[in-house]
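Accompanying notes for the structure given below.
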Amino acid sequence: LAGITAEEGERSWALMSNTTNQVAALIKTLQREARAGEFKPRHTNDLGVDFDHVRRRGVRPEDAQPERDALQALREQGLFDSLQRFESMPPGLPPAEQSDQMMITAMSGLSESRDVARALAASMRLEALAGNGDQVVRNFAAGLALARTISLQPGIICGLVAISIESMI
């Protein structure tokens, strides 16, 4: 982490945190809609959106309408723009005043980070099917940047989550 100023690390951390919070908020909204019966959830989860479904071989874009709608909502909220900005920033570091709670801080966004990676991977698949190679490359780089930041946080679980994110991407 040599050469990264505290300000740069904190700015990158804030962007990552805001991005994962956006995804968490959308997922909560989708869960509420599924519970209210506004649409039938896919498979047995109560989310109704299964980004892993999109990544399966042979799934056509028309077979993944709930996932496409969720990705569009994330796109409209600026998720992919945020992630592409994140890709060009140094690794994110929590603010210094949180250093005594570092593990709690790092752990709080791990699940949402995996959800971000699933959304990125699903978007990459759909973009690839549409022939948008440049967008696939940008999303790939953003996913690797996300994994890099997660891997630099304390605790072995952070390293394992980073590996999981890299494998999804």
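All values derive from a computational prediction rather than experimental measurement.
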What distance separates [X] [atom1] from [Y] [atom2], expressed to the nearest 0.5 Å?
X	Y	atom1	atom2	answer
Phe51	Arg114	CZ	CZ	14.0 Å
Leu129	Arg60	CG	CZ	11.0 Å
Glu67	Leu71	CD	CG	8.0 Å

Can you tell me if [X] uses its side chain to pair, donor with acceptor, with the backbone of [Y] under 3.5 Å?
X	Y	answer
Ser167	Ser164	yes
His53	Val59	no
Ser151	Arg148	yes

For this session: Flag yes if Ile157 and Ile163 sit in one hydrophobic cluster, no otherwise; membership is Ile, Leu, Val, Met, Phe, Trp, Tyr, and two members link when side-chain heavy atoms are under 4.5 Å apart.
Result: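 Different clusters.
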
Exercise. Do Leu126 and Met168 belong together in a cluster built from hydrophobic side chains that touch within less than 4.5 Å?
Worked result: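 In one cluster with Leu126: Met168, no.
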
Please examine the side chains of [Y] and [X], heavy atoms only from C-beta on, and report whether any two atoms are closer than 4.5 Å.
X	Y	answer
Phe140	Leu120	no
Arg68	Gln72	no
Ile165	Val161	yes

Problem set entry | Heavy-atom pair with the smallest gap, counting every atom of Asp52 and Arg118 | OD2-NE, 3.5 Å

Seminar exercise, completed: Met124 and Ile169 have their tightest heavy-atom pair at CE-O, 3.7 Å

